[in-house]
Structures are given as C-alpha cells and as structure tokens.
Amino acid sequence: MQLSTRYNHKDIEDKWYFFWEGGNYFLPEIKEGVTPFVIVIPPLNVTGSLHLGHALDITLQDILIRYNRMKGKPTLWVPGLDHAGIAAQNVVEEELSKEGIHRTQIGHEAFLERMQEFRERYSRIITSQIKRLGASCDWSRERFTMDEICSRAVIKFFVRMYEKGYIYRGKYLINWCPRCSTAISDIEVEKEETNGILYHILYSLEDGGEVSVATSRPETMLGDTALAVHPEDGRYKSLKGKYAILPLIGRILPIVADEDVDPNFGTGVVKVTPAHDFLDYDISQRHNLDLISVVGVDGLITENGGKEYSGLKVLEAREKVISNLKSEGRILEEKPYLYSPGRCSRCDTLIEPLLSEQWFLKVNEIKKAAIEKVRDGEIIFIPEKWTKVYLDWMENLKDWCISRQLWWGHRIPAWICEPCGELLVQQTEPINCPKCCSGELKKVEDVLDTWFSSALWPFSVFHWPSDTEDLKYFYPTTVLVTGYDIITFWVSRMIMSGLELTNKPPFKYVYIHGLVRDEKGRKMSKSLGNVLDPLALADEYGTDALRFTLSSLNTLGGQDITLRKPYLIHSRNFMNKLWNASRFVISVTKENNGEDLFQSSSNLDIFDQFILTRLSRVVKEANKKLEAFDFSNYIKVLEDFFWKDYCDWYIEIAKLKKETADTSSILRYVLKTILVMLHPVIPFITEHIFHNLYPEEKVPLIKQKWVKEIPISESESSINKVSYIFDAVTALRNIKSLFKIKPDKKISVILHPTDAFEYETLIEGSPVINALAGVQELKITCELDTLPKHTATQVVRGTSIFVNLKGLVDLNEEKNRLSEMLLKLREDLNKIQKDLANQMFIEKANPQTVEDYKLKAMDLEKQVNKIEEIINYLGEDDLETQSNNCKDRW
RNA sequence: GGGCGGAUAGUUCAGCGGGAGAACGCUUGCCUUACACGCAAGAAGUCACAGGUUCGAAUCCUGUUCCGCCCACCA
C-alpha cells in the first residue's frame, strides 16, 4: 500500500467498513464478571433517509462504543428501526394517493402488505446509511419495533398494565387529527400562534335580558350545553341558576358558576361546549352537563349541529354561523385575536378536540420509581440541566392516550364479544367468551402509539420478557444518547416502563445533545428547504470529516450546532494534514517489530522530551474530556497537539536530524498514539494509516489498546526550555517578516540572555534556532558593551535579540516600534504591580497567585529594562561581542 | 403565565473567580520536496446594559433589554 499525496476519502472509506464487519469486530466479546459497555440505538424511523441529527447521534454513540471497545470492555451497540406509526403510514398513504388510491379502497390486509414492502425497502436504505457513517454496531442483534420479539414485549406490557388496572378504556375528550384520522396524545399536539377573530355573541336569557359571550370558535356553539361565570364575579351574581337560550338552535342552557372561569377574559361569561373543548369538558364534569358532539371524526359538522350546518366543514360552518348571527344582530364585536390552536405534529392539521372511545395508561401509577431513580442519581442526565426538565415533566403527567385509529402498528390485544359485549384483554387469541361462551369475538382494531413500543426498546431488543443470556448480561444498558426533543416522548417512558417491568433503570447515563441547525441557525425542515443530507456531505468531504465536524461542534453544554461548510472544509483539511504527516513519517522511518518504543530514554534531547511530555499531558487531558462526554474538547486537545506541536514544530525539528533512531521511533510512537486516540472519531482514515504504518501488524486499529497514559516521566524543564526556544524562533521570524526579509534569506543574529537558564537553553537550541529561523550567524553573548547600529530588536523573556539589518532599518521607525512595545509591557507591568502593592491582595489572595504575580512582574520588568536600554543605545556604534566567558558569569 | 438556555474578535463558538481564547474569515510574505486542503508573521474584542458581592468579575448575585426553546385548560 502506498499513500497518495492528497487524501481522498473515496479511496478508503468503503473498504474498511467491510473489513471490520467481515472480521466480526463489532461483536461483543463476552467476559463473565466484567460489566459490559452497552448502547441501544435510538431506533430510527423507517420513514425516510437519515438527517444530520441522526448523523450526530450516531457519531457520538460510535465514539463511545469504539472508545470502550478499545479499552477492552465487552462492548455492544444494538442497532434497530422504529415502525413510526403515523409517520410511516402517512408516507405510504401519500405514495398511494399519487396512484389515486386511498387505503380504504385496497383494505386492511393489502395496505399492510404495502407497508411491509415499504418497511423493507427503507430498512435497507437506512441500514446502509448507518453503515456508511461508520457505525460499529452489532448487526446480528438488529431489531425492529414491530418484529416478533419486540411485539411480544409490547403485548406483555399491555396485558400486564391492564391486569394491574393501569390501562382503561373509555369515552373521553381527546385530540383528534381529522387528516390522520386518529387520536393523538397531548404531546403530539403543537401549539402555533395564529391570527383569529374573537367574537362577542349575544345570548338571550330565558326570563328576559341578554348576556354577551366571547369565543374564537363560534361554530362550536352548536354544541353548547351551558354558560359559565366565575362564582365571585359581582357582575353576574344574579345569573347563577338561571337559563339562557342558545341562539340559532334554541336550546335552553343552564348558567353555572365555576372557579376555572377567568373573569378578566372576554366578557367573563363562557359558553360551555364540553364535547369540543378541554376546559369546557372539565366544567361539564363538575356540573353534570350534557355532552353534545357537533364535529365528527371527519372534521365535518354532525347531525347534532342541526340540518343547516350538518355536513359542512368546520370553517364553512363558522362562516354560516356568523352570518346568521349577524342577521339576528347578535354579533357585538369582532376583534383580531392572536391565539394558539393545536396542530398535529405530524401533518400540521388543526386538531379537533373530540369525544371518542380510547385506551389510556395511568402513567401516574408507574412513575414513582422513575422520579426517584433520577432524583437519587441512579440515572444521570448529562448535561445536568435536563434533570430538572425531566422531573418537572414527570411531576405533571396526565394519563397517556395510547390507542391510535391507524392500520400500521401493534394491534391492541383486546377482543370484544359481539353477543354480550364482554371485553377480553389477553396475550393469546381467545376462542370463546368466558361469560357467554360465544365464539364471535372481534379483535379491537385500534393500534398502539408508536412510543408505547419504543418505551420498551432497551430491553425488548434483548428478548424481554424471556430471561435470555443477552438480557442478563447486557441489560441494564450503559448510556442513552439522544436529542433533547424527545426527553418527554421517549426517555421518560423508557425509564418508567424499564423500572416497572424489569425493576432496573434501563440505562445509567442519559447523554443529551443539541439539535443540528443550518448555517443561519435555523432548524432544518423540509418546508424551509434547508435540510442538508449527511450522506451528500459525507460524499463531498468524507465521512471522517463529517464525523469530526459534528463531534467537534458538540460542546459539553449541549448547545445546538450550527453546521457551516467552512467547518467541514477545515475538518477535511485536518484529514489531509493527518494523511500527509503520516505519509512523511512512514517515508522516513522504519517499522521495528511493530513496537516503536524509543529505547534509550536517558539520551533523549529536550525536543524529544518536550514532545513526549506534551503527548503525555494531552493524552491525560483527552481521556478526561472523553470520560466526561466532552466531545468537542477531547478532539480539540488532540487536534491542537497534533497540528501545532507535532507537525509544525516536532516534525520540522526531526527533519534536521532524521538519522537518529530515537527521533524516528518517537515520530512513529506519537503518530500511533494519535491514531489510537482519534480512531473513535475518525475511524476510516486512522485505520487506513495504521495499516500503512504497521504493515506487519495483525491486530487492526479498531482492536488496538486504548492509551490511558504515556509510560514516561514528564519533563517540565523540557517544556520550559523548548517553549523558550520556540519563542525565540518566533521572535526572529517576526523580525524577518516585519522587515520584509525573504524567508530563505539567512540573517545574522546576536542573542543577549540574562541568566544561566537562558544562556544554556540557547546554546542547546541553537541548531534548531538557526534552522527554523534561517540564521546564518548566531552569536550568544553575555557581554554587551555597545549595541549594534543596524539592528532590529526583539525581547524574549530576559533575552535581547538583535538582527543585523544593514541598510534595512530606519532608526526612527525602529524606535517607535520599540516604544510601542514598551508601552504595552509597562501597562501590563503596572497592573500587576498595583495588585502587588495592595495589602489586601497580599493577605487575601491565594499564595500561589501572589507568587505567580511576583514572577510575572519580574519577567516583565526584565523586558521593560531591556527595551529601555535598547532604545537609549539605538544608533550607537556597532557592537563588539565575545561569547566565551558567559558560563563563568552566572 | 411558568420554566430553561443564549448575548465574548467580521462569523461560529469555547472559557465560567486571578494577565481576553480557538476555528474560519481578513492582512502580509512564502510552491522552504509530507501537506498551498500547506507554511510563516500579523491585525482584530468597553466579554449586551445597569447595579452589587469580592483584594480581584467575561466568570458569582440582582435587575433591565434583546434572541431562542420548552411547558400551560388564551373561552
């Protein structure tokens, strides 16, 4: 294998996934007694393609999985898909409607066949997309929420809850989506601000007089069964117990007093329409009012609404009601009005509150442990702020409407005896009615809310309720990774059902990440047309670059991520950098027994010590960040080290002394460590390079040992010395740049250090200084009787740097430049001196801080003195220097 | 109405009690044979506003203003 000059992801990415999957590297190695690391993927909807949210989700999970696998833990990532009830059915219905067919025309069975076909088609697409992202999940354990194993769990859950009395059926006011033609739960309703009109309508009283009522939905008055006022409302005290006459219809309406009426809203009198409004429904329950449904499941006015309106759409009925009321002179006011009616979260259709027979789960019966385990820290949310969101949510739960009038989903395991009406709920199909012995049993047609099955996902994938080896070994799982948008839909329900059914929290950690937004920070949505396809991005920049981008931007605070192309380009550039540095290292070094550990650590020079010390610190830091789920800093630390310390400095220095064995080993060792540390994020390129670096190695990178620490003793002094040398090099390059000296033009330099440390370090570093700063003649001197005339100057710590620039330096300009420099330094020095002169500071501040301030002040003072000295001497005679007796001086 | 975030360089963000950081962009110079998807040197910020706590505040507290999100029975 040879590495080409430019990194091209297309050449390598396909190959390695095959390699890993074929080599069974994704399967967990079960070790008895060892706690495994387990993630169960948030099941992906079979409704379409992956979006960037999935890409982020999958990347973060894969990082954790690969990291733990390399750490040697038995590691399992279970993949799978969700049948996505309404969403999937909608997609297929749309497909059908393009063929001019409605599902009712082809019937239940044929429609489900169509759904299955769709499901298989999309499963394949989505699975291949997940693989394309590099996800190292165990495909042998792949599950689907509607497969036999998961379905069994769903039935079991339902029956058990029913038997405990936690599930009930009844006619209640629910949210109905007329377009999807099904009930939906409260959290599937989205409130959206809408411009409407608030009408004031005049109702006559039975015994004379009139009262005005405010409403934004006048058509619902057809179903009014009462009026209500607040009990303390002085204006309407006399109305209590009287009757009003419903305009247009003529029905007699009792007037009731109820605490829930807000006297400050509208006129203070409410029309009560219990069958179409949640507040009114509550009032009706308290006052035993009639319920009259005037809107049907089709969204049309029913017969109850009267002949004139029956069959009209809600909005048509509204117009007609208004015009009729107007002709009777009963509209007192029409005011523009901003309100927030509910819309279906799946299709945006206006929700109709309707009376309907549905199934409900009393979540309050099973939530106790789910609250306690989170409060007690047995389940930990990261970032921590989501704990409160979760707990607040859990404290205020209402019964969950779990039935849906769809065809695609888990059928409710309930049968109704046709002759006697007996309801049977059980796991297996009954033969006879136990009450009347009839065999005419009809299975309930409703299906369950999708989330009812995903609530069981962390253990249904392991075949719960069967007590399988997998369930015993892999459950509870370790961490759940997901976005904050489904804490209420999914996370809370998994915790409840997990604790209720298995007595164990389904996971230890809930890692919540942000949402991926477009370049302008907007949510990605089809209607805005700003959805970016992760696969297209992977195609353009490479999967590694995409993963690198997403996880770099994923900060610990869980900020939403604004994905911008420049960052993708940067990531791709980083891949190229990694690629080329590796190419260089491979070309100048040789593999020795697969182990490149430097042999004679005692003989390492300061640069070798420096890079190893930095590596050691970076490895520790990166480990710490990753353990804390701080993905962005884990990557940042490694990227900084690799690009700056390793490539920009160490490799350049290594070029000066290619032939030494230590340097060559260190080059390889550091590279290998970086490959290991970055493999979880960018698996493809690192695996590829690894095989080129170690052609003889049998164990691929995916199974290489994770690096927790570097087995060397860190050398603080090497860091001090080398960063001082680097500062000197930078200062010299700065002068060259300032005076427009061509980079390849060699310069003559005089260095004037002030102490032994500086002197010795400069001597040690002089070959590097010469090479990296392009110095031809370097004098290091402690004697400086007169300063040179044609020089440009810099000061690094206590060292003056003079570059001989005959003819290039304008004396005045140089003076100005140095004066400015001096000004800044003095400013800094003043600040620090002020603090040091402050008795309170000395007494109260941390002693270490005071010490640091003192050192810093000394440093600054040195520099200030140096520059002052130089300014004074500027323009004097050329310097005579000796560089022999410095050693004795300090 | 309640709750939670955010406001730091032109842009996107990190920092969250001791000298203002990164990336991209920008300016200048370099094709120095690993890399121009690169190298080198730079410029760039009253850390939203007003008070307070502290020896010391971008960082903690209070209030204000803008932006975003979540929750709530706006008839």
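Here is how names work: the chains are called A, B, and so on, in the same order as the sequence lines, proteins then strands, and each is numbered from 1.
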Testing B:A75, B:C73, B:A40 for proximity to the side chain of A:D260, the answer is B:C73
For A:R547 and A:V681, indicate whether the former's side chain and the latter's backbone hold a donor-acceptor pair under 3.5 Å. yes
Search all heavy atoms of A:D277 against all heavy atoms of A:L173 and return the closest pair with its distance. O-CD2, 3.2 Å
Has A:H570 got a side-chain N or O lying under 4.0 Å from the OP1 or OP2 atom of B:A23? no
Can you name the atoms? Protein N/O to nucleotides 27-30 of chain B N/O, anything below 3.5 Å, with the distance.
unit_1, atom_1, unit_2, atom_2, d
B:C30, OP1, A:K742, NZ, 2.9

Just to confirm, is there a sub-4.0 Å distance from OP1 or OP2 of B:G18 to any side-chain nitrogen or oxygen of A:K831? no
Which whole number of Å gives the distance between the P atom of B:A48 and that of B:A57? 15 Å
Return the NE2 to OH distance between A:H688 and A:Y7, rounded to the nearest 0.5 Å. 9.5 Å
Wobble G-U and Watson-Crick pairs count when both distances are under 3.5 Å; given that, what is the 5' to 3' dot-bracket string of RNA chain B, with | for pairing to other strands? ((((((((.[[[[.)..(..]]]].(((((.......))))).....[[[[[..)....]]]]])))))))....
Checking contacts here: which listed nucleotide (B:C55, B:A23, B:A40) is nearest the side-chain heavy atoms of A:K644? B:A23
For the side chain of A:R493 and the backbone of A:F489, is there at least one donor-acceptor N/O pair under 3.5 Å apart? yes
Measure from the side chain of A:P566, starting at C-beta and using heavy atoms only, and say which of B:C24, B:G18, B:A40 lies closest. B:C24
Determine the minimum heavy-atom distance between A:Y567 and A:S552, stating which atoms define it. OH-CB, 3.4 Å
Where the side chain of A:F841 is concerned, which of B:A34, B:G18, B:G5 is the nearest nucleotide? B:G18
Under the 3.5 Å rule, do the base of B:A40 and the side chain of A:E652 count as making a donor-acceptor pair? no
Pairwise P distance, B:C26 and B:G63 [rounded to whole Å]: 44 Å
Would you measure the distance from the P atom in B:C60 across to the matching atom in B:G18 and give it in whole Å? 11 Å
Which part of the nucleic acid, if any, lies within reach of A:T215 when heavy atoms closer than 4.0 Å are counted: base, sugar-phosphate only, or nothing? sugar-phosphate
Here's a test of your reading of the structure: between A:L556 and A:I832, which maps to the more 5' nucleotide of RNA chain B? A:L556
Which nucleotide in the set B:G42, B:U12, B:A34 lies at the smallest distance from any side-chain heavy atom of A:R564? B:U12
Determine: side-chain N/O of A:N573 to OP1/OP2 of B:G38, distance under 4.0 Å, yes or no. yes
When all nucleic acid strands are considered with a 4.0 Å heavy-atom cut-off, which category describes A:V261: base, sugar-phosphate, or nothing? base
Please classify the nucleic acid contact of A:D744 as base, sugar-phosphate, or nothing, using heavy-atom distances under 4.0 Å. nothing
B:A23 phosphate, OP1 or OP2: any side-chain N/O from A:W643 under 4.0 angstrom? no
Over-ring placement of A:K385 relative to A:Y484, 6.0 Å and 45° cut-offs: no
With rounding to the closest Å, how many angstrom separate the C1' atoms on B:U8 and B:C49? 15 Å
Regarding A:N846, tell me which of base, sugar-phosphate or nothing describes its non-hydrogen contacts under 4.0 Å with the strands shown. base
Does the pair A:K625/A:E621 count as a salt bridge with the N-to-O cut at 4.0 Å? yes
Please walk me through it: do A:K367 and A:S492 pass side-chain hydrogen bond (donor to acceptor under 3.5 Å, both in side chains)? CA-CA 9 Å; A:K367 74 175 184 186; A:S492 68; over 6 Å; no
Under 4.0 Å from OP1 or OP2 of B:C37: is there any side-chain N or O of A:R572 that close? no
Using the C1' atoms only, state how far B:A36 lies from B:C31, rounded to an integer number of Å. 7 Å
Could you check which of B:A75, B:C4, B:C55 has an atom nearest any side-chain atom of A:K388? B:C4
A:K636 and A:E639 ion-paired at < 4.0 Å: no
Once hydrogens and angles are ignored, does a donor-acceptor distance under 3.5 Å link the base of B:C4 to the side chain of A:K385? no
Pick base, sugar-phosphate or nothing for A:L860, based on heavy-atom distances below 4.0 Å to the nucleic acid. base
Just N and O in the side chain of A:T562: are any of them under 4.0 Å from OP1 or OP2 of B:U12? no
Of all the nucleotides listed (B:A22, B:C73, B:A75), which has the minimum atom distance to the side chain of A:F265? B:A75
Is a side-chain donor-acceptor pair under 3.5 Å present for A:Y172 with A:D399? no
If we take the C1' atom in both B:A7 and B:U46, what is their distance in whole Å? 15 Å
When you measure from the side-chain N and O atoms of A:K398 to the phosphate of B:A72, is any distance below 4.0 Å, counting only OP1 and OP2? no
By the 4.0 Å heavy-atom rule, please label A:R733 as base, sugar-phosphate, or nothing. sugar-phosphate
C1' gap between B:A23 and B:U65, integer Å: 30 Å
Which heavy atom of A:I371 sits nearest to which heavy atom of A:Y390, and what is that distance? N-OH, 4.3 Å
Determine, step by step, whether A:D852 and A:Q848 satisfy the side-chain hydrogen bond (donor to acceptor under 3.5 Å, both in side chains) criterion, reporting the C-alpha distance in whole Å, the side-chain angles of both residues, the deciding distance to 0.1 Å, and the verdict. CA-CA 6 Å; A:D852 289 349; A:Q848 186 58 50; 3.0 Å; yes
So, OP1 or OP2 of B:A41: does either fall under 4.0 Å of a side-chain N or O from A:T730? yes
Tell me whether the OP1 or OP2 atom of B:C71 has a side-chain N or O from A:N396 closer than 4.0 Å. no
Toward the 5' end of RNA chain B, by each residue's nearest nucleotide, A:Q794 or A:K844: A:Q794
Write down the distance separating the C1' atoms in B:G56 and B:G29, rounded off to the nearest Å. 42 Å
Nearest to the A:D277 side chain among B:C37, B:A75, B:A34, which nucleotide is it? B:A75
